[in-house]
Number of protein chains: 2
Amino acid sequence: MLNAALSTSTSRHPVPASIKCGSPEPRSPLSLMGAPMRYPRNTEIFGEDEPAEYLYQVVSGAVRTYKMLDDGRRQVSAFYLPGDVFGFEAGETHATSAEAISDSQILVIKRSALMARADHEKDLAQQLWTLTARELERTQRHVLLLIKRAEERVAGFLLDMERRAAKAKAVELAMSRQDIADYLGLTIETVSRTLTQLQQTGVISLSSSRCVELRNRTALAQLNA
Amino acid sequence: MLNAALSTSTSRHPVPASIKCGSPEPRSPLSLMGAPMRYPRNTEIFGEDEPAEYLYQVVSGAVRTYKMLDDGRRQVSAFYLPGDVFGFEAGETHATSAEAISDSQILVIKRSALMARADHEKDLAQQLWTLTARELERTQRHVLLLIKRAEERVAGFLLDMERRAAKAKAVELAMSRQDIADYLGLTIETVSRTLTQLQQTGVISLSSSRCVELRNRTALAQLNA
DNA sequence: GCAGATTATTGATGTAAATCAAGGTCTTAT
DNA sequence: ATAAGACCTTGATTTACATCAATAATCTGC
């Protein structure tokens with residue numbers, strides 16, 4: 001009952017119901033001709049160690065890539081939102097598996113066709129190289145998150161999501177607490193507690209568990225330093 | 001004295017003094033024309049956010065790249081051994097700082113010259129792209145290490161060093177415990193204790209603090225799984 | 001060889017996050 | 001509407017690692 005009191009009166013609904021979450025708008029960093037495909041929630045897009053025949057661009061929805069460890073732990077490598085390109089490997093096989101987090105529309109581009117074109121179109125070759133470089137930068141930021149304390153990891157994650165998400169009053173989190181935990185190297189309990197704590201200190205506000213409003217960006221940025 | 005007894009009689013010198021550490025031999029993955037430069041131990045090669053004018057290849061010695069966080073923590077991003085190429089950025093500035101771990105000879109190649117050549121030499125462009133992709137894979141393996149327990153991180157680190165080092169009976173660690181700790185997101189004490197423990201269980205043997213013999217690769221691989 | 005500095009190890013204690021456990025809330029289907 | 005299941009939160013306890021502190025080994029120059 002202390003529990004119920006806390007959750008209904010103070011923590012869970014401190015924001016007007018009018019605040020809506022926005023979904024990101026598709027962007028087009030690369031002029032990609034490809035087949036639009038639909039992937040229902042939780043379906044596999046490709047598997048680890050499968051030949052990397054295609055390159056993917058999210059049109060709508062969200063995607064997670066991950067690796068499974070032998071003992072069942074899962075490391076989520078990245079989240080991809082509308083506009084993002086993923087599945088582009090240097091080698092012949094995928095380094096991770098990919099799944100749709102929610103029902104997603106995804107542009108699927110044949111790798112061989114792309115590479116053939118890149119062979120004589122320098123601009124395209126350059127764009128593909130840039131894609132790899134961006135992915136490297138993203139992964140380096142991920143490393144930087146993983147050496148920090150739980151609160152700092154969550155803060156960094158929220159800022160990243162906000163930066164990449166549609167400009168809206170609040171950030172829609174497409175992924176579950178488990179997904180976030182596996183991305184940040186934490187447990188769902190720690191993620192949940194940390195979010196609650198950030199809410200209690202007024203840094204964020206959760207209108208629902210998947211919709212976060214960043215109320216004090218300065219504080220978050222400080223945690224992310 | 002328990003201390004002294006332990007360290008002198010059982011743990012510290014269980015291997016014949018004859019076991020020598022090997023240093024890696026220079027390899028040449030890229031035919032790089034560049035100026036050979038000498039960097040004394042602990043000198044800076046480039047700084048974070050500096051314009052990335054050069055690409056570097058280690059000839060001898062060892063290099064660490066790292067980022068400093070606002071509160072003084074240091075994240076070591078990577079170690080580079082003879083043959084390795086580093087400092088190649090997609091953007092115009094370096095994402096990390098780089099320092100020589102030991103006195104090092106390093107080939108320094110002008111980026112603008114390289115890029116100009118790559119513009120009409122497709123093979124070279126391809127090699128440069130591959131470099132970025134390799135770095136990405138390396139960083140992804142680093143992420144995978146950081147979500148694991150201390151013992152697993154150290155095991156993974158040792159296996160990586162062994163794989164990259166010269167074929168020799170034992171692996172020479174060019175870097176300090178602090179460097180290793182900052183790479184693995186641990187403290188020097190935890191790194192030290194973990195190594196001691198691996199030695200006590202017969203998985204490795206330390207002829208000196210910088211020279212490790214992997215006695216049970218299977219056990220290490222299991223930890224690294 | 002010895003003094004001082006640097007680096008590494010070890011021990012005692014503290015703490016952030018994991019684990020274990022129980023409810024609560026939201027979603028979906030009947 | 002209600003039941004079943006997935007997802008999320010919260011509390012109690014444990015634990016892996018950090019921190020604090022001291023000593024030991026190794027390196028460097030005199």
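All figures in this text were calculated on a predicted structure; none of them were measured in a lab. Residue numbering restarts at 1 for every chain, and letters A, B, ... go by the order of the sequence lines. Below, all heavy atoms of this structure are taken into account, side chains as well, without hydrogens, waters or symmetry copies.
- Leu186(B) is listed as a side-chain neighbour of Val154(B), based on a closest heavy-atom distance under 4.5 Å.
- The separation between Arg177(B) atom CZ and dA24(D) atom P is 19 Å, rounded to whole Å.
- Summary of the strand contacts: Arg193(A) and Leu195(B) both lie near DNA chain C, and taking for each the nucleotide with the nearest heavy atom, the more 5' one is attributed to Leu195(B).
- The NZ atom of Lys148(B) sits 17 Å away from the P atom of dA16(D) (whole-angstrom rounding).
- The two residues Asp103(A) and Arg38(A) come nearest to each other via the heavy atoms CB-NH2, 3.8 Å.
- Leu186(A) places its CG atom 16 Å from the C1' atom of dC8(D), with the value rounded to the nearest Å.
- Atom CD in Glu189(A) sits about 14 Å away from atom P in dA17(C), given to the nearest Å.
- In this structure, the nucleotide among dT9(C), dA17(C), dC8(D) sitting nearest to the side chain of Ser209(A) is dC8(D).
- The separation between Ile188(B) atom CD1 and dA18(D) atom C1' is 12 Å, rounded to whole Å.
- Taking the nucleotide of DNA chain D with the nearest heavy atom to each of Gln178(A) and Arg41(B), the more 5' of the two is matched to Gln178(A).
- Contacts of Thr187(A) with the nucleic acid, taken as non-hydrogen atoms under 4.0 Å apart, include base atoms.
- The aromatic rings of Phe79(B) and Phe157(B) lie perpendicular to each other, with more than 60° between the two planes, well past the 30° mark.
- Contact check, Thr196(A) against dT10(D): a side-chain N or O comes under 4.0 Å of OP1 or OP2.
- The aromatic rings of Tyr56(A) and Phe86(A) lie parallel to each other, with less than 30° between the two planes, well short of the 60° mark.
- The separation between Ile180(A) atom CD1 and dC7(D) atom C1' is 12 Å, rounded to whole Å.
- Atom CG of Leu173(A) is separated from atom P of dC26(C) by 16 Å (rounded to the nearest Å).
- Each of dA17(C), dT19(D), dT7(C) was ranked by its minimum atom distance to the side chain of Arg149(A); first place goes to dA17(C).
- Ion pairing of Arg64(B) with Asp182(B) is absent here, as no side-chain N (NZ or NE/NH1/NH2) approaches a carboxylate O to less than 4.0 Å.
- Residue Ser192(A) places its side chain closer to dC8(D) than to any other of dC8(D), dA17(C), dC17(D).
- Closest to the Arg210(A) side chain, of the nucleotides dT19(C), dC8(D), dA21(D), is dC8(D).
- A straight line from CD1 of Ile204(B) to C1' of dT9(C) spans 13 Å, rounded to a whole angstrom.
- Picking from dC17(D), dA18(C), dG11(C) the nucleotide with the shortest atom distance to the side chain of Thr190(B) gives dC17(D).
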